[in-house]
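Read the numbers this way: they start at 1 and go in the same order the structure lists the ligands and their atoms.
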Amino acid sequence: MNHFLSIAELSPQQVGHLLQRAFFFKQSLQFPSYPQHTLANLFYENSTRTRISFELAAKHLAMQVVNLDLSTSSETKGEVIEDTVQTLAAMGVTLFVIRHAQDGLPQLVAQGLNEAVHVINAGDGQHAHPSQALLDLMTIVEKKPNLATLKIAIVGDIRHSRVANSLQFLFKLMHVGELVLVSPKQWQPETVHFGHVTAELSEGLQGADVIIGLRVQKERLAESEQFDLAHYRGRYALTQDAVRMAKPDAIIMHPGPINRGIEIDSELADGPQSVILTQARNGVFMRMAILESLITTS
Ligand code: CP
């Protein structure tokens with residue numbers, strides 16, 4: 001693969017290879033060196049997990065890393081992202097990690113670049129967050145390897161979630177047994193790629209092996225929608241009581257950042273079933289696998 005843009009562009013074999021390399025890095029802590037490569041982080045939306053883990057992944061692979069500070073970059077003078085990327089590529093940057101509010105922007109940027117330069121989608125609008133989906137899959141496989149037997153529930157704002165979108169494609173590709181998308185009516189997706197949709201939390205959690213909570217995007221709600229947070233919490237929050245409906249060994253996941261006491265309670269997020277910090281740790285190894293795959297197979 002020359003760019004890493006969406007799960008829809010991956011084959012099961014490519015996903016299997018990325019998982020195998022990520023687990024190898026995690027278990028062996030033996031990392032190859034690619035000092036001839038330089039990675040640039042271009043984050044037009046805020047991030048903690050994704051930006052830092054791509055930086056750590058690149059440094060583990062002995063790459064150089066530059067973080068573009070957009071508030072002081074020449075984009076404040078009107079330079080467009082395509083020119084920024086071409087300029088940095090001319091200076092020797094070979095990997096661009098891009099997060100942007102516009103759906104499809106990383107794909108647009110990738111067109112017109114020569115094949116020695118690689119674009120990685122670190123989250124575009126409501127479209128895709130493919131590296132998050134892969135690190136989530138790694139975490140699930142680590143805990144519950146038999147994907148075909150699993151019931152997975154994703155709970156929250158499915159309609160606007162790029163994570164839920166990418167997970168649907170990935171779970172379909174990897175033949176997950178059952179996916180339930182739990183969401184109030186106004187957040188149910190217009191298009192479903194895989195799984196079935198319900199407004200009933202109990203339908204999703206009953207007998208579930210994996211529960212994935214999604215963040216309530218308060219900043220978006222404040223601008224655009226009438227939304228009763230207390231009502232949402234009463235019906236959809238992941239609490240100890242609610243999770244009793246799932247299997248006793250169910251794992252609790254969340255891509256982060258979490259809103260404690262809104263979509264998930266602290267006792268659950270910090271409890272023995274939570275693998276939220278495992279997701280964060282696995283993110284570094286999976287992103288190493290993605291970077292390596294781009295520069296060794298293209
Ligand atoms: N999950 C995720 O994308 O987190 P960040 O916004 O902190 O990168």
Participant: Any atom of ligand 1 sitting under 4.0 Å from a heavy atom of G123?
Facilitator: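 No; G123 lies far enough from ligand 1 that no heavy-atom distance drops under 4.0 Å.
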Participant: Should the ring pair W187 and Y232 be called parallel, tilted or perpendicular, given that the plane angle runs from 0 to 90° and is split at 30 and 60?
Facilitator: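 Geometry flag for Y232 against W187: tilted rings.
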Participant: For atom 1 (N) of ligand 1, what is the nearest protein heavy atom, given as residue, atom name and distance?
Facilitator: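 In this structure, atom 1 (N) of ligand 1 has P255 O, 2.9 Å as its nearest protein heavy atom.
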Participant: For E75 and T84: C-alpha separation, side-chain torsions, deciding distance, then whether side chain to side chain donor-acceptor pair (under 3.5 Å) applies.
Facilitator: CA-CA 8 Å; E75 293 199 21; T84 303; 2.7 Å; yes
Participant: Ignoring angles and geometry beyond distance, decide whether G256 reaches within less than 3.5 Å of ligand 1 through its nitrogen or oxygen atoms.
Facilitator: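 Between G256 and ligand 1 (N or O atoms, distance only) the closest approach is under 3.5 Å.
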Participant: Applying a 4.0 Å heavy-atom criterion (strictly less than), which segment of H129 is in contact with ligand 1: side chain, backbone, both, or neither?
Facilitator: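 The answer is the side chain.
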Participant: Side chains of N165 and Q126: any donor to acceptor distance under 3.5 Å?
Facilitator: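 The answer is no; no qualifying pair exists.
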Participant: If you count the atoms of ligand 1 from 1 in the order shown, which ones are under 4.0 Å from a heavy atom of T48?
Facilitator: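 Going through ligand 1 atom by atom, the ones under 4.0 Å from T48 are 5 (P), 7 (O), 8 (O).
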Participant: Give the residue and atom name of whichever protein heavy atom lies nearest to atom 4 (O) of ligand 1, and the separation in Å to one decimal.
Facilitator: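 Looking only at protein heavy atoms, the one closest to atom 4 (O) of ligand 1 is R49 NE, 3.1 Å.
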Participant: Is any side-chain heavy atom of Y34 closer than 4.5 Å to one of I295?
Facilitator: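 Counting from C-beta outward, I295 and Y34 do come under 4.5 Å.
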Participant: Side chains of N282 and T139: donor-acceptor distance under 3.5 Å anywhere?
Facilitator: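 There is such a pair between these side chains.
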Participant: Without hydrogens or angle criteria, can the side chains of D69 and S71 be said to hold a donor-acceptor pair below 3.5 Å?
Facilitator: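 Indeed, the side chains of D69 and S71 share at least one donor-acceptor pair under 3.5 Å.
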Participant: Looking at Q132, which atoms of ligand 1 are within less than 4.0 Å of one of its heavy atoms?
Facilitator: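 Counting from 1, the qualifying ligand atoms are 1 (N), 2 (C).
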Participant: Would R99 count as a contact residue for ligand 1, given that I'm defining contact as a non-hydrogen atom of the residue lying under 4.0 Å from a ligand atom?
Facilitator: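 Judged by the 4.0 Å heavy-atom criterion, R99 does count as contacting ligand 1.
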